[in-house]
Amino acid sequence: MKVLRGIAASPGVAVGEVMVLASEGYRIPRRLAPRAAAENELARLAHAVDAAAQEMIAHRDAVTRELGKQYGAIFSAHELMLRDPQLHAEVERLVREKRYTAEYAVSRTLRRYAKVLQSMEGSLAERTNDIYDIEKSLLRHLLGRNREDVANLTQPVIVLSTNLTPSETAGLHRELVRGFATELGGMGGHTSIVAEALEIPAVVGVGRFLAQVSGGEKIIIDGHEGLVILRPDRETLARYEDEAERRRQHAVQLRPFWNEPAVTADGVRIRVCANIEFPEEVKACRVRGADGVGLYRTEFLYLASSTEPTEEDQFQAYRRVAEAMHGAPVIIRTLDLGADKIPSAHAAEEKNPFLGMRSIRLSLRHPEMFCVQLRAILRASAYGDIRMMFPLVCKLEEWREARRMVSHVIEELEAGQIPCNRQIPIGMMVETPSAVVMLDRFCDEVDFISIGTNDLIQYTLAVDRSNSDVADLYHPADPAVLRLLNMTVQAAQRRNTPVSVCGQIAGPHYLMLLLGLGLREVSVAPSAIPEMKRVCSSLSLDACQTAARAALEMDDARQIETFLKDELTRLAPQLAPNAP
Ligand code: PEP
Ligand code: MG
């Protein structure tokens with residue numbers, strides 16, 4: 001058994017069999033071949049080795065021509081490794097003695113080599129990638145067209161991968177992918193957000209570990225604690241079964257809150273809305289009693305297909321959400337595409353993408369694309385309480401230009417006698433320090449604001465939200481973040497501008513802080529709604545305010561977080577994770 005620690009990205013526990021995705025996204029199968037098939041397997045292997053070797057020679061020649069011999073030599077070394085007699089002897093032994101298929105024997109052997117190299121110092125460790133390259137190349141030739149990819153699953157698995165983009169995560173099969181873990185990734189990344197939306201337990205940022213696992217092995221993903229447990233022993237499995245039972249009971253305790261509004265212990269109504277990425281999530285919002293959709297991340301419409309969604313595609317999706325919410329407000333956020341959400345193949349090369357062409361900047365740079373979305377939102381506004389929100393607004397000029405474009409599209413629709421709500425409320429996300437500093441001015445012009453803490457933390461602390469190397473610096477309780485939250489709420493209250501929070505700052509202790517700072521509306525993943533309502537019912541606003549005031553006096557993120565957790569346990573012991 002081996003326990004690895006990563007970043008808890010999406011809550012829940014999953015126990016099952018491993019499926020390792022190579023970076024090309026196909027499965028390394030564990031299949032036993034019939035004993036009589038050994039010769040056939042070895043013949044397939046020989047064929048694949050020849051084909052892979054030809055490919056490497058072609059690479060060597062091309063690279064030598066372009067860059068010189070010393071670079072071409074990298075591929076000569078690959079070819080040598082590919083032909084290594086010791087490697088062949090080991091693979092052959094596994095095929096003959098263990099009856100492994102050629103694919104599985106190759107993968108096992110090369111991963112063992114990679115593991116040994118990885119444990120060594122310096123340049124030898126760097127050769128690990130060469131081994132992965134050889135593995136990939138051999139598997140590609142062995143599997144040919146028949147390779148099993150994650151889209152064609154037939155049985156439940158736990159997916160392990162170096163990385164998953166948000167759109168790859170969105171494509172995971174909801175029933176058959178029980179959980180996943182990745183080597184890369186950080187706490188606030190969109191991969192985590194999508195995993196939570198799909199209610200798939202996930203751990204990201206585990207660091208290099210794929211060399212230590214093979215397809216078919218047993219594994220536990222603990223998305224609460226951020227643990228990945230390889231080959232768990234019997235005692236651990238039993239412990240996790242007990243834990244699953246405890247969580248089932250917790251879910252039963254939350255059941256009565258599904259159909260109740262959120263009200264604090266001293267009788268103040270709190271609005272708890274839902275963040276969604278896909279129209280299908282509306283059902284989860286409704287059954288858990290969401291007060292509305294506080295954030296509809298429309299970029300997933302763009303990520304889900306290889307072509308841009310048409311006005312009609314978008315209109316249908318937005319109308320469907322609005323109608324299914326039966327008159328409750330639905331805040332549609334315009335396209336928030338950026339480097340963290342676009343799979344790298346499609347992204348334009350940018351040296352510093354988080355500070356680059358993303359979100360409202362991208363929409364304003366491409367008015368033809370933006371107007372298509374605005375038309376779709378406005379047309380859908382005739383079918384429910386739709387509101388519109390712009391992401392990552394940093395400057396007043398951006399807000400004003402986007403707002404002007406909305407007015408222009410309204411006029412166009414009216415000229416064509418196409419119904420829309422010309423009074424549609426329009427707001428902005430507060431996600432950067434510049435928006436907070438200028439908020440009094442923004443509040444004179446916007447209908448509402450919503451604080452995006454995921455990005456606000458990133459841009460305040462200058463920490464990439466999806467980079468595991470700096471994940472320890474990305475902290476929602478950082479005193480600088482608390483001050484900005486406080487400034488935002490104060491500015492909004494002074495101008496009577498409705499304010500909510502839609503970032504993933506959703507732990508019960510953070511809800512206590514937000515209520516204490518003066519917020520009366522939050523928007524969270526649909527799965528978190530009942531817990532938020534329960535926390536509200538256990539706390540009085542007075543107590544929340546006292547806790548928030550004390551937290552604002554502190555100057556250390558970890559001290560603040562510990563304080564908030566302790567305070568919550570003191571005020572509402574029944575909420576503690578192990579309470580009876
Ligand atoms: C945020 O930044 O907090 C937010 C809600 O937007 P996203 O996570 O989609 O960037
Ligand atoms: Mg954001």
Side-chain angles (χ1 to χ4, degrees), residues 7 9-10 165-167 169-170 185-198 202 204 272-278 281 292-304 330-342 353-363 387-394 398 427-436 448-467 474-478 481-482 484-485 488-489 499-507 510-511 514 519 521-526 528 532:
I7 299 163
S10 171
T165 63
S167 49
T169 310
M187 179 159 94
H190 287 92
T191 297
S192 323
I193 289 168
V194 177
E196 200 169 345
L198 299 178
V204 300
V272 181
C273 296
N275 294 347
I276 64 167
E277 285 71 39
F278 314 100
E281 286 179 90
V293 171
L295 169 66
Y296 177 4
R297 292 181 164 102
T298 57
E299 49 278 5
F300 287 90
L301 267 175
Y302 290 76
L303 291 171
V330 173
I331 299 180
I332 300 185
R333 179 176 72 182
T334 61
L335 191 60
D336 189 13
L337 275 183
D340 54 333
K341 291 175 189 155
I342 308 174
F354 276 111
L355 302 182
M357 188 46 67
R358 55 178 320 196
S359 311
I360 193 68
R361 298 172 188 174
L362 189 79
S363 296
R387 304 168 187 198
M388 189 185 314
M389 175 161 76
F390 303 133
L392 206 76
V393 176
C394 301
E398 289 167 340
M428 63 178 260
M429 295 199 63
V430 174
E431 302 184 278
T432 60
S434 73
V436 178
F448 63 90
I449 58 170
S450 186
I451 309 174
T453 46
N454 305 338
D455 275 320
L456 186 60
I457 298 166
Q458 151 165 279
Y459 290 117
T460 302
L461 302 176
V463 180
D464 175 345
R465 62 194 259 191
S466 44
N467 179 345
Y474 182 95
H475 209 300
D478 192 280
V481 175
L482 258 54
L484 288 175
L485 286 172
T488 306
V489 178
V499 51
S500 67
V501 167
C502 63
Q504 317 279 106
I505 180 171
Y510 286 123
L511 181 61
L514 296 178
L519 282 145
E521 178 170 335
V522 291
S523 190
V524 298
M532 294 296 108

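Residue numbers start at 1 and run along the sequence shown. Read the numbers this way: they start at 1 and go in the same order the structure lists the ligands and their atoms. Values in this document were obtained by computation on a predicted structure and should not be read as measured data.
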Checklist entry - Can you name the nearest heavy-atom pair linking Ser450 to Met389, along with the distance? => result CB-SD, 3.6 Å
Item to check | For Gly452, the ligand 1 atoms whose distance to one of its heavy atoms is below 4.0 Å | outcome: 1 (C), 2 (O), 3 (O)
Next on the checklist: Counting only nitrogen or oxygen atoms and a 3.5 angstrom limit, does Arg333 reach ligand 1?
Outcome noted: yes
Checklist entry - If we only count N/O pairs under 3.5 Å, is Glu299 in contact with ligand 1? => result no
Checklist entry - What's the atom name of the N, O or S in Asp455 nearest to the Mg ion (ligand 2)? => result OD2
Next on the checklist: I'd like the name of whichever of Glu277, Gln504, Arg297 reaches closest to atom 5 (C) of ligand 1 through any heavy atom.
Outcome noted: Arg297
Checklist entry - What heavy-atom pair brings Pro353 and Arg358 nearest, and what distance separates the two atoms? => result O-CD, 3.9 Å
Next on the checklist: As an exercise, identify every atom of ligand 1 less than 4.0 angstrom from a heavy atom of Arg465.
Outcome noted: 2 (O), 7 (P), 8 (O), 10 (O)
Checklist entry - With respect to the Mg ion (ligand 2), what is the nearest N, O or S atom of Glu431? => result OE2
Checklist entry - For ligand 1, is any non-hydrogen atom under 4.0 Å from Asn275's backbone (N, CA, C, O), its side chain (CB onward), both, or neither? => result neither
Checklist entry - To the nearest 0.5 Å, how far apart are CG in Leu482 and OG1 in Thr460? => result 11.0 Å
Checklist entry - Checking Tyr510 side chain against Gln504 main chain: does a donor-acceptor pair fall under 3.5 Å? => result no
Checklist outcome for this item: Separation between CZ (Arg465) and CD1 (Ile457), nearest 0.5 Å, reads 9.0 Å
Item to check | Atom indices of ligand 1 within 4.0 angstrom of Ile193 heavy atoms, with elements | outcome: 8 (O)
Checklist entry - Any sub-3.5 Å donor-acceptor pair from Ser359's side-chain atoms to Pro391's backbone N or O? => result no
Checklist outcome for this item: For Arg361 and Leu355 the tightest heavy-atom approach is NH1-O, 3.4 Å
Next on the checklist: So if I count the atoms of ligand 1 from 1 in the order they appear, which ones are less than 4.0 Å from some heavy atom of Leu295?
Outcome noted: 5 (C)
